Every structure is written in structure tokens, then in C-alpha cells.
There are 2 protein chains.
Amino acid sequence: MTKKTTIYDIAKKLNITAATVSRALNKNPKISDATKELVLKTATEMNYEQNKLAQALKNGKSYNVGVIVSRIDSNFFASIIRGIEEELFNHGYHVIICQTNNNEKMEAENINTLLNAQVDGILMSISNINIDKNIMFKKLLNKKIPLLFFDRKKSIPGISSITIDDFSAGYKATQHLIDEGCKRISHLSVDRNFEIFRDRFLGYKQALSDNNIPFDESLVIETKSNIEAGKEATKKLLKLQNPPDAIFSSSDFSALGAIQELKSQGIKIPQEVCVVGFSNEPFTKFMELSISSIDQSPVEMGKTTARVFIQQIKNKEKHVEQKVVLEPKLIIRKSSSKQNPSK
Amino acid sequence: MTKKTTIYDIAKKLNITAATVSRALNKNPKISDATKELVLKTATEMNYEQNKLAQALKNGKSYNVGVIVSRIDSNFFASIIRGIEEELFNHGYHVIICQTNNNEKMEAENINTLLNAQVDGILMSISNINIDKNIMFKKLLNKKIPLLFFDRKKSIPGISSITIDDFSAGYKATQHLIDEGCKRISHLSVDRNFEIFRDRFLGYKQALSDNNIPFDESLVIETKSNIEAGKEATKKLLKLQNPPDAIFSSSDFSALGAIQELKSQGIKIPQEVCVVGFSNEPFTKFMELSISSIDQSPVEMGKTTARVFIQQIKNKEKHVEQKVVLEPKLIIRKSSSKQNPSK
DNA sequence: CTGTTAGCGCTTTCAA
DNA sequence: TTGAAAGCGCTAACAG
């Protein structure tokens, strides 16, 4: 519980000046090896600890990075953050996390407090904030600190983003279902104001078109990303005159709901209806009837986001806009393997 | 991209002094409402943003709290962090997350960088650090900033902890299996150097004893917390002369492994063997054969941890040691419901 | 109710 | 190679 030792204490003890101590500690080449060593030694002796705060104030660099997500207790975001943290830690940065619950007000508030905290950058999966009107967001854009989007992005000139190719993901999933012999493929979509969900939908549509399967509006239902919603949507689909023989869901949770509903109505999966989800949530693999899904390699996405951030920090002025697009992986499991249901 | 405005800029514009501006901004009661209003107004006009760094340096309070866990991409820890963040946000604190991967070196390093970053407190789920020998940890204990344990604690005088009653959890799970009519209950344990795993084991043992069921060493296997380990352990158990009719696992993942192994050997669950896991991971609920488990209410645990931290910060000197013990909830699902397998 | 002054701990010109 | 001095932006004690 002793008083903190500062560079002044070290300086006094060594009869040198604080500036020299500072330089020695920072391995400044203009300091003689002798004093360097001496300073380092006494520093540890006196239990000296660098005060990053003072350093940050002086240098205008806090070595803190803000990460904004809707919620952290989703495997997808948690994995991204894991990637970010691991990568950034190696560069001496700390990660401050903020949750928005998809609430615009919270998004703005988080940006605000992060800016006040003088973070060196903000990495965010953007949700409902209005990028044209929101004052906080505009303020953020005017800052010199890098802003990066991951997963959920908005297209803004000069702003980098790290995403997966959601169009390709939608396409792959749909093509796979077609390859399995499905003819009437329905799609459980989520709010298509989000680019990611719109792109998945467009990929789905394109795959149909490329295979000369007519697009049927009634087979597309926009719903929430949860089990109950998946059930409800599936109920509706099954009431159609001509019900689907496959469901591609933009969410693993609604895919699970769909499966539960299908089962409860005695419909065989995958024989009668194939199902593919999205995100490769852990549970999809664990189910007895394992669920096919799209893997977004979230840890990799996080690491990449961190790397791009580091690049931008290093390059100072020339913040080249980077649009990194990771390729999604289709994971085929039982819920959509007619050929080889033992898979 | 304009230069940051400081309180000095505001002061100059208003022909008052920076101190007054500071006071006005901080709603100091000794400032006239007139100037207060004026300052606030010009502050927003000039796009003023408080620099928390300077404030922190001056006050010795960063309003940052460090949270150390083994990994963030586990539903349990992610949920705890969710709770912590939500609660702390309301008090103006930010959460810096660190992952250790159960590695002592990383644990120490994280403590070190967090202290350098001048966090106002450290909330951690401790794993392998040696509290008697590790220099960094001792340094931490000598600090005036609060240290709190959640979930995985060590008993240290003066240090508060927020845990669940793991003994009770082990007891409840075992008692439930006994109530289901199981006679030979095995236990998949994890490294019992951790208090939590030891306590679960002890609860298990106590329940057996209270029900006059002899404790059989051969039914207890210490294993890792993953599917493969669960399978392996179960294989061993099934080779016993007198195999178990129930498995209580300290981990949902090894419980899942156990279930997979049992099934592959054609053993009926729960009719022939009942299974109870631990942690109430999301997947346990989603399985067709849903898995009974112990819910640790992680979000609540996080919120409670945050609240205790806030208390300690407010009470300054009198850091009363608090040992909050939350009651675990047994969630009975299909994997252990002989009576009512439809449950 | 407001101004003056000093300082949190560190870095960084400028000089020597 | 090192020292002296100023300042990052803010707050608090003291004075008026």
C-alpha cells in the first residue's frame, strides 16, 4: 500500500533527471548503456510501474480500443472479440467492450463515452444508428482515429470493413439445397435493412435464378432471429398450398425453430424437408440431428479486424480504405444431407 | 478534423477562467446557474468533449475496470461479462477485458498491464496463478484498488468473491439422481485443485452419504471439460464390472460426450443411465434429448460482482470482505427424467 | 460565486 | 549523452 513510485523518485535516487529516466525506460538510443541499465535496475528495485495514463495524456495515445457490439453473450460476437483481443494484446492495446442491444441511443452513447475515454480507435458491428443524421456518429467520422466495421457494416467512403461475403454464403447454401434435389426452397430472412441479411437473400435469389428455379415471393418470410420466430414462420410455410421442401434460414436459431416445428408436425428431416441455418452456432454441431450451417470464422474475422486497425494506426495519414471480405464456409450436416444421412 | 477544444478554449471565449468552466461542467453547486448554463451552451456549440484521460490522471481514477477470464468465447463467461458491463456502464465505468487461456503467465501479464493502465479495480475468475508466489499477484494485493473474484476464487482474507454454492449444486444434482431411483451414480470431475470442482465433488459425496449410498472411488473420474474427454471417461465407466446407472458431470461438454458414448453403445437415456451436466450451456436446452444441468445465473453473477465493486469503491477505506454465494438452480430435462420422459 | 496556482506523471523540444 | 523547462487537459485547495 506504499505510495506509487514515479520516474522522479528514480531520478532523485540516482541523481539524474526525470527526463533521462524516461528516456532510459523507453530505450532511447541516445542514452548510455550504463545509465540505461542502472535505471532499469533501480526501477524494478523500487517497484516502479509505468503510468500509462500520464503517458497517454502526453502522447495523445491511450492504447485502448473500443469495440461495440449488440451483445457479447452470443457465440459469434464473443468469438470475434476473442480474436480482436488476442491480436491487439500482442501490440500492447487493450479492448474496451460496449454493448448496444441494437439500440441506436446506446450506440451513440457508447461512441460518445469511448471518444471521451480517448480510445485510439473504434471497431464496431453497426446496427441501427443513422449514419446521416446521428450527431455522435458524424462526430466520430470527423475524428482522426480509425473506425472499422466488422460483420455489420455501412458503406462509407474511407471507412474499412471486415465482413464475410454474405451474398456468396446465401448462394452456397441455396446451391447446396438445389444439389440435394430440393425444388421449392424457402428462405427465412431477417430485417433486410441490414446489408448482411439483404445480401444473404440476394445470394439465395441468384442461386435460384442460375438454376432456373422460379423465385416465389411466398416462400420468403422476414422474421426475427430466435426459435419462436422460426416456428411461427415454418407454420405459415407449411400451410401453403405448395409447401417448401427446403428451408434456408439466415439464423441458426430460427433454423432450430423450423426444425422443431417440422418435427412436431411429423415431417422428416432431411428426407422431406432440408434445413440450413446460418452462423454455425455451437449447438448446430451438437444436435443429434446436426444442423447444416454457414461458418463465418468469427475468430479470424476478429483477428483480421485487429490487424487492419494496427495497419491504419501505423500508416498514420494514409488511411487506405480496405474492404476485407472473408469467404464463408458451408458446413453440411445431417439436416440437409439426403444423400448420406449418416453424415 | 479540427483541433480538440479544451476547457481553456471555452474559458477564453467566455472571459472566465478554466476552473470555472470545469466546475460548471461538473455541476458544482457553487457556480451560478447563469454561468453554468452559459458554459454548457458554449461547450456544445464548440463541440467540447471531456478528456477523461486528463481527468483520470488528475483524480487518480480512470473509470476503467479490468475483467480477467480464461476465455471470452464461452457462454458462461460471456454472460458474466454481459452482466458486468451492463451494470458498470450505468455508473460510468468501462470494462477492459483480458483473456488468460488458463495460463499463469498470461494471468500475471494481464494483471500487470491492467495495473499500468491504472484501472480502478480488477474483477477476475482466477485460474492457475500461484497467489503465494506470483510477484504480480502480490503486487496487486498491495494496491488500494479493489480485487474481486467471481466464479473461480481463492480464499484470501479481505478479498470479496461472488460465486455460486458449488457444493450445493453438486448435492442437488446428486440428490435429484437419487430421487430418480439411481443407485450407482458416477461423477465426471475436473481438476479438483480448483475450489469449484472440488466443491461439486464434495457435494456429490455428501449427498451419497446422506442417502446411505456407499462412495465408490472407481465411479469418480477426473477429466477435462470437453466432449472427447467425456466420451473417454464414459468408455471407462462402462467397462466396470458394475457400471453406473447415472452420470453427474461437472461440465456440460463432458456430459454431452458421455451421452454420445452411451448412445453409441445402445444404452438408453434416461431409462438405463441418467445424465446431469453443469453450467446450463445453451445447447443443453436445444438438444432433442435435452440435458439436465445446473444453471449458475451468470448474468446475475456478473451484475452482482459489479455491484459489490461499486460498493467497495464508494466505501473507500472500509473494504468489507463480502462473500456472496448465489444459489445454483437445477434444471431438470429429459436426460434425467425417468418419471416423465416427455418433459 | 469565481480567480489563482499548482500539480497529476510523463515526454519532448531546446540547450548544453 | 544528459539537463531544464514546458505542457498534455483537467481539478482542487486556497483566497477573495
Side-chain angles (χ1 to χ4, degrees), chain A residues 2-40 42-43 46-64 92 115-120 143-145, chain B residues 2-40 42-43 46-64 92 115-120 143-145:
Chain A
T2 51
K3 196 93 194 87
K4 261 173 214 150
T5 60
T6 73
I7 52 174
Y8 281 95
D9 301 324
I10 303 180
K12 199 178 292 173
K13 183 156 192 177
L14 261 39
N15 264 324
I16 54 177
T17 173
T20 310
V21 175
S22 168
R23 283 188 273 247
L25 255 20
N26 292 320
K27 313 216 184 305
N28 186 315
K30 317 197 148 182
I31 295 290
S32 77
D33 288 347
T35 38
K36 238 182 234 175
E37 212 172 315
L38 189 61
V39 168
L40 253 12
T42 34
M46 300 179 72
N47 269 312
Y48 170 75
E49 295 163 43
Q50 180 164 232
N51 185 331
K52 291 258 178 204
L53 239 42
Q55 204 181 226
L57 178 61
K58 179 69 192 170
N59 296 339
K61 273 201 83 177
S62 66
Y63 276 96
N64 282 150
L115 289 180
N116 286 173
Q118 310 299 122
V119 292
D120 295 344
K143 293 274 171 183
K144 61 190 176 322
I145 66 166
Chain B
T2 51
K3 198 94 192 79
K4 262 174 215 152
T5 60
T6 74
I7 53 173
Y8 282 95
D9 302 323
I10 302 180
K12 199 179 291 171
K13 183 155 190 180
L14 261 38
N15 265 322
I16 53 178
T17 173
T20 310
V21 175
S22 168
R23 284 187 273 246
L25 255 20
N26 291 319
K27 313 219 185 303
N28 185 314
K30 315 196 149 182
I31 295 290
S32 77
D33 290 347
T35 38
K36 237 181 232 172
E37 212 171 314
L38 191 61
V39 168
L40 254 11
T42 34
M46 300 178 72
N47 269 314
Y48 169 76
E49 295 163 43
Q50 181 164 231
N51 185 331
K52 291 258 178 205
L53 240 42
Q55 206 182 225
L57 179 60
K58 177 69 191 171
N59 297 339
K61 272 201 81 173
S62 66
Y63 275 96
N64 282 151
L115 289 180
N116 285 174
Q118 311 297 125
V119 292
D120 295 343
K143 293 276 172 181
K144 62 191 176 319
I145 66 165

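Note that these values count all heavy atoms, side chains included, but never hydrogens, waters or copies made by symmetry. For clarity, every value in this text was computed on a predicted model and none was experimentally measured. Letters A, B, ... mirror the listed sequences (proteins, then strands); counts begin at 1.
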Identify, between B:Arg23 and B:Ala54, the residue whose nearest nucleotide on DNA chain C lies closer to the 5' end.
-> B:Arg23
Whole-Å gap separating [atom2] ([N]) and [atom1] ([X]):
X	N	atom1	atom2	result
A:Leu25	C:dG9	CG	P	15 Å
A:Asn26	C:dC10	CG	C1'	9 Å
B:Ile10	D:dG9	CD1	P	13 Å
B:Asp9	D:dG7	CG	P	15 Å
B:Ile16	C:dT4	CD1	C1'	15 Å
B:Lys4	D:dG7	NZ	C1'	15 Å
A:Gln55	D:dC8	CD	C1'	13 Å

Using the ring of B:Tyr8 (Phe, Tyr or Trp, six-membered ring only), decide whether B:Lys12 places NZ or CZ under 6.0 Å from its centre and within 45 degrees of its axis.
-> no
Look at all strands and tell whether B:Leu53 reaches a base, only sugar-phosphate, or nothing, counting heavy atoms closer than 4.0 Å.
-> nothing
Polar side-chain atom of B:Thr42 near backbone of B:Ile10 as donor-acceptor pair, under 3.5 Å | no
Sidechain-backbone polar pair: A:Asn64 side chain, A:Val119 backbone, donor-acceptor under 3.5 Å = no
